[in-house]
Each structure stands twice: as C-alpha cells, then as structure tokens.
There are 2 protein chains.
Amino acid sequence: MVKKAVTSGDVARHANVSQSAVSRAFTAGASVAPATRERILEAADVLGYRPNALARAMISGRSRLIALVSPNFDNYFYASATRILSRQLQERGYSNLLFVAEPGDTDEIVQRIMQYRVEGIVMEAATLSSNQADECANTGVPVVLFNRYNATLQASSVVSDNREGGRLVADFLVKGGHKRIAFIAGDEKTSTSRDRESGFTSELKKHNMTIAARAVGHYTSLGAAEATRQLFSAEGALPDAVFVASDHMAVTVMDVLRDELGLSVPEQVSVVGHDDSEPAALAAYNLTTVTQSIEELAAATVDVLLERIDSDSVTPKSVVVPVSLNVRGSARVPVRVSPLCGLSG
Amino acid sequence: MVKKAVTSGDVARHANVSQSAVSRAFTAGASVAPATRERILEAADVLGYRPNALARAMISGRSRLIALVSPNFDNYFYASATRILSRQLQERGYSNLLFVAEPGDTDEIVQRIMQYRVEGIVMEAATLSSNQADECANTGVPVVLFNRYNATLQASSVVSDNREGGRLVADFLVKGGHKRIAFIAGDEKTSTSRDRESGFTSELKKHNMTIAARAVGHYTSLGAAEATRQLFSAEGALPDAVFVASDHMAVTVMDVLRDELGLSVPEQVSVVGHDDSEPAALAAYNLTTVTQSIEELAAATVDVLLERIDSDSVTPKSVVVPVSLNVRGSARVPVRVSPLCGLSG
DNA sequence: ATGAAAGCGCTAACAG
DNA sequence: CTGTTAGCGCTTTCAT
C-alpha cells in the first residue's frame, strides 16, 4: 500500500508560502524570488516532496509519456532497438511506457495506450490496423513506425534503405563471380523482406541474372534451417551463394550448410546476411552483411516523433536511413586487380 | 498537439445519465442496471471515449504502473528479461515504465520513477543506494531486485541459484578428468559472479583441488578475450578447462582459444559457461552451460512484487530459482561406464 | 512576485 | 440503482 505522499500543500505550509508558489518553484522559468524559491526547495527536501507527474499531466495536458510497442520476439535487433529508443527518449525528457505485443494483441494494447494519454507512439511491432491508426490520428497522437511502413496509413515511418541493402549484396555477389545465387526471404508480409528482395533481384537483372533459387525463412531459425535444406537438396547444380534476409537466419543457414550438408563457407557457398546484428560479428560466423545503424534509426525516429509532438503538423514524414556493406569472411570477395585472376575458368 | 479528449461528462450527456453512472459502467463490479450500462457503452463507443488512466490513478491512488529499470548493456540476458517481465506484468493488468540506466544514473531515474507514482519497481540494473532504497521504503513502494541482491537493503530479491551453478560445473569438470581448471570471473562487484565462483571453488575443494588460474572478464567480450590471453600465455602447464562466468564471455573465450591460440575445444581445453543464453545454442559454439530459466526468474519476480503490492506486508522476500547443467559439446564429458577409459594416462 | 480561486477527469462516499 | 457532492494534486489565470 502506498503511503500518503507529500503534496505541494504540505511544502507550502512548511515554507510559509502559498501552494502556487511551490508549483512555480518547480516550474522552469516561472517568476519566483530567488530567496523564496530557496526556502521552498529546502522545505521540499526536508519533507521529501516529489511533484506528482500524474496531476501535472492532467492539468497541463502533457503527460511526457511515449508508448513503445515492441514485438514479443526473441530477436537481437528489436532488443537493441527498444533499449536505444528508450534511452534516447528518456534523455529528451520523456518517459516510456513499454508494451510487448503478440500478433493478435494490438487492439487491446492501443486501448491501454490511449488511456494513459501518451503524447506519441513508436511501433516496432507489426503495425496498426487502419482503424487504430485513425483512432490515433483523431486524438492527435502521432505515431512513428520503426523499421516498417504502411503506405495507406496516416503514420510517419523510419526505415533502413532496404532496397539499397539488397542491391549492394547483388552487386557484390555478382562481382565475386557467383553464378547461381539464391535468396532466403524473411516474412513475406513485411516491407523489410520485400524491399531487400526487390533491390536484390532488380540489381541482378541489370547483370542479366535472376535468382537461381528461393525459399522463405520467416525470420526464424527453424524456418531458415528448413529453407536451407530445401535449397540445397534440389536436383541439379547447387547455389554457389545465398543472400539471407536477416543475420539471425544467416547464422543458422551457415550452421546447416557446414554441419549438416558438409559444405564449406565461403569456399563452396558464399553467405551474406542483413542487419549486422550481434551474432554476425562472432568469429565463428564472421558474416558479411549489410550494416544498418540502430542508433541512426532510433535517432531519426525520436526526431520525427518529437517534431510532430512539438509542432502541430499532421503530415506524416518518412525517413530512409542509408546502409552499407560490411565485408567479412563468409562470402567470396570480388577480385579487382587483375582480370586474369577472375573466376571465369 | 493532443486534441480535446472525450470525457465521461460527454458520454453522460449523450446517454442521458449522470457522469458517475458512466464511471460505474467502466468499473468492474459496480452496480449499474444492465440496460443503462448498455446505453452508456454505446454512447462511449460512438464518441470514442477512453477512460483517463491518469485521472483514475489520481483519485483511486492506484496508478497500475510498474517501473522497470534495465541496464544499458548490449546483453542478451537482460534484453530477454525485460521483454518477459514486461509481458508478464502486462498480462496481470499493469503497464510498465521502462527506464534504461547507465551506472551513474540511478538517482535521477529514481526521482522520475517516484513522480509517476508507480506501485512497484523491478531493478534489473545495478542496484539502489541505501538512500534510494530508504526513499522507496518510506513511500511504501515495493522494490524487487532481479538477478541480484543486497543484504543490507530493505528490498526483495529474486536470483538464480548461482552457487549451485558453480558447484555443478566444478563437479562436472572434475568428473571429466580435468586437472588444471581455470576460472574467468564476470564483474567482481556483482553477487552473480561472486556466488558462481564461491560455489565453484568450494566444490573443487571437496575434491581436494583449487582453481589453477583465474582472471576477470568484467562480463564483456573484450574483457573475456583479454582474460583468456592472460590465462593461456602464462608459464608452465596450460589449463585443460575453463569455467566462464557468463555465456556472453564464454563465446569470446572459445573464439580466442580456437582462432588466436590454435587450441581445439574440447579436445585440448574444455569450456563451460553460465546462463544458457542464445549464443550458447549456436552450432558453432554448442556450449555446455548452466541453464537458468528467465521465465522462472521473471515469474517469481512478478509474484513477489504483486504480492507485496496487494498485501500490506513490508518484509522483503528472497527467492532462489534452481538451475541445471546443460551438457553440450564444448567440454569433455565424464566417462561413466568403464574406469579403463578414464583419462588418467 | 505572490496568493486566491478555478478547474483537469475521474472515483467514492452519501443520499435517495 | 442512480444522481449529487466532494475532492485527488497540480497548473494557470487573475488580482493584488
């Protein structure tokens, strides 16, 4: 049971001032005589007074609360993202309500969010239904979709340049002399997987190539293992390279390739991932992958959100964060110096 | 800018009832005629009314808010813990304020927490100073320390049986015929590292053995790499086994052992970790480790916290969650069948 | 610069 | 069962 908390009235009595004076002493830039303020702060300290953020939010209409909706995935990328987003918002004076969402949950969660009168919402998980987006728009609560977008929705979004990520990988693999290039998709419903794939295939096309084989890994380890077996048990020539839509899956792909199928990476098969998340850097994988900076994604998300909170603008804004290729050891690298050393033979 | 939200007064007018009737319609178990309630809910639906949780919290004295204080570590264990704790609290009707704490931050964070009138605090990060703990105790806000304890504090705690974890590893390594067993500590200030070590050494002692070498890895990758080099560049006989205080470090230890020092695991050196976190299960590491269930830790934490919120009891409670050894392939296993196959030669 | 007074949206007695 | 009334702790005019 919470004991009776100290109120501004208690402090006022103790400092022989009015209750509004106490309020002003705790409001930046309010007009209070330095001496009075001093006395008030002292009294507050003695009594252990902390302004009640709830009451303050009610009267001022500003809760300083942001809702963070994170997926219930055991996924390194979202774990880091949540931490970094939360930290950045915290440093800008907001506190975060964290909601962990299962696929079917969003409805109930959006309800709860609205009850706390948050000033903004960051959706890392899934996305909103159009009803939900409308509801937020109606109440004027800005929403930013993190790492996803939805063209039909009235919501801002911040994403990596996923098409460019796919394009970079295609270019790299082609220049590396690979002839039969496969792709393992993530979740086909997500914009990330689709964009990575479309950037990838369109760049292949420029080189007059197509995807030699394709499977879906659903962004899970199990799915990735299954997809790998499928690709490498087909009749005919096996792929000599695989682009995997996430590092989380790519690591499992390498496990299956090496331990189950006895293929060596990158000698027999090149593997390239996407995200540059923690396991990619482990020496045992040393994965060549597309680097996307979570810090940059988070910073852009926070900027977009706070700008929309502060201004009255309603127009959604979309930000695309650039990516780059981090060449490690899991894929054969293009030979540049002499064409004689090429892999045409 | 947040638009004027619909209030219970608006709904009341629309449904031709008093404002308190609306309040009752939204309170479980309040006495409202089914017909009236129906009419009210309909009006609420039409207008898009959501009860204001802030106002409700103010008057009822129950915010239904729990503060979750998580460390600003890129650490798989805490990432999962935060997600699971949050999810469980959410399912029990609470919402979570997430605070990401840097080592020096706790003071400012505790201040903010108290302003939101949370009903309880889960500390995953560091711990509270005694001042802070006192402050919480004075205001009657229960605190549960997750995965750590502090004997001098008025706070409940939930931890794994870290001593038992260390003991299990010692027993396993001794029975596996290892003769020169090393230990890499985490952060010596933490109870987890100290308890794992003390359980480990005391079990070795029972077998008339001591730690052959010891280094500190500070629970970081860099620290673990350095510790490994230190242990394996010493004069004289090298360790034939290492117990590493966390999986996060153990993975790096294996990297250094294999790639830098050219030692094979487990043929030349056995490695055992602690936590059974994600990288341990990766095929390229296949780490033998102590399993601690984050779900169980989280469930116990939530139980302890909510029990203290509901009852008026003030006595802190300590829970120790059991652990077990998950034998994979990174350590030589004890031979049981025939002593002839032993490793004495 | 300060105090008095008016609410923010809601719940909780208290009547009826 | 329902309406009336009194605040919860605070910010914000409006006087002074």
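Because the structure is a prediction, the values reported are computed rather than measured.
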Let me know the distance between [atom1] of [X] and [atom2] of [N], rounded to the nearest Å.
| X | N | atom1 | atom2 | answer |
| --- | --- | --- | --- | --- |
| Arg62(B) | dC8(D) | CZ | C1' | 16 Å |
| Leu54(B) | dG7(C) | CG | P | 21 Å |
| Arg64(B) | dC10(C) | CZ | P | 18 Å |
| Arg13(A) | dG9(D) | CZ | P | 11 Å |
| Asn52(B) | dC10(D) | CG | C1' | 14 Å |
| Arg37(A) | dT2(C) | CZ | P | 11 Å |
| Gln19(B) | dT4(D) | CD | P | 11 Å |

Would one find a side-chain N or O of [X] under 4.0 angstrom from OP1 or OP2 of [N]?
| X | N | answer |
| --- | --- | --- |
| Tyr116(A) | dG9(C) | no |
| Thr7(A) | dG9(D) | no |
| Arg56(B) | dC10(C) | no |
| Ser60(A) | dC10(D) | no |

For a quick check of understanding: with a heavy-atom distance under 4.0 Å over all strands, which category does [X] fall into, base, sugar-phosphate or nothing?
| X | answer |
| --- | --- |
| Phe26(A) | nothing |
| Ser20(A) | base |
| Val22(B) | nothing |

- Query: Under 3.5 Å, is there an N or O donor on one side and an acceptor on the other linking the side chain of Arg24(B) and the base of dG3(D)?
  - Reply: yes
Note to self: For a quick check, tell me whether the side chain of Ser23(A) and the base of dT12(D) share a donor-acceptor pair closer than 3.5 Å.
What the structure shows: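 No.
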So CZ of Arg148(B) and OG1 of Thr192(B): to nearest 0.5 Å the spacing works out to 7.0 Å
Test side-chain contact (heavy atoms from CB on, under 4.5 Å), reference Met123(A), set Val110(A), Val69(A), Val144(A), output is Val69(A)
* Just wondering, more than 12 heavy atoms not from Glu102(B) lying within 6.0 Å of its CD? -> yes
(message) Counting neighbours of CZ on Phe26(B) that are heavy atoms of other residues, nucleotides or ligands and sit closer than 6.0 Å, is the number greater than 12?
(response)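 Yes, the 6.0 Å shell around CZ holds more than 12 heavy atoms from other groups.
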Under 3.5 Å donor-acceptor, Arg37(B) side chain and Ala25(B) backbone: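 Yes, the answer is positive, given that a donor and an acceptor are paired below the 3.5 Å cut-off.
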Closest approach to the side chain of Ile59(A), judged atom by atom: which nucleotide of dT11(D), dT2(C), dG3(C) is it?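 Within the option list, the nearest is dT11(D).
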Comparing nearest nucleotides in DNA chain D, the 5'-proximal residue of the pair Ser31(B), Ser8(A) is Ser31(B)
Starting from the 5' end of DNA chain D, give me the residue, Asn16(B) or Met58(B), whose nearest nucleotide shows up first.
->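 With Asn16(B) and Met58(B) compared, the 5'-side residue is Asn16(B).
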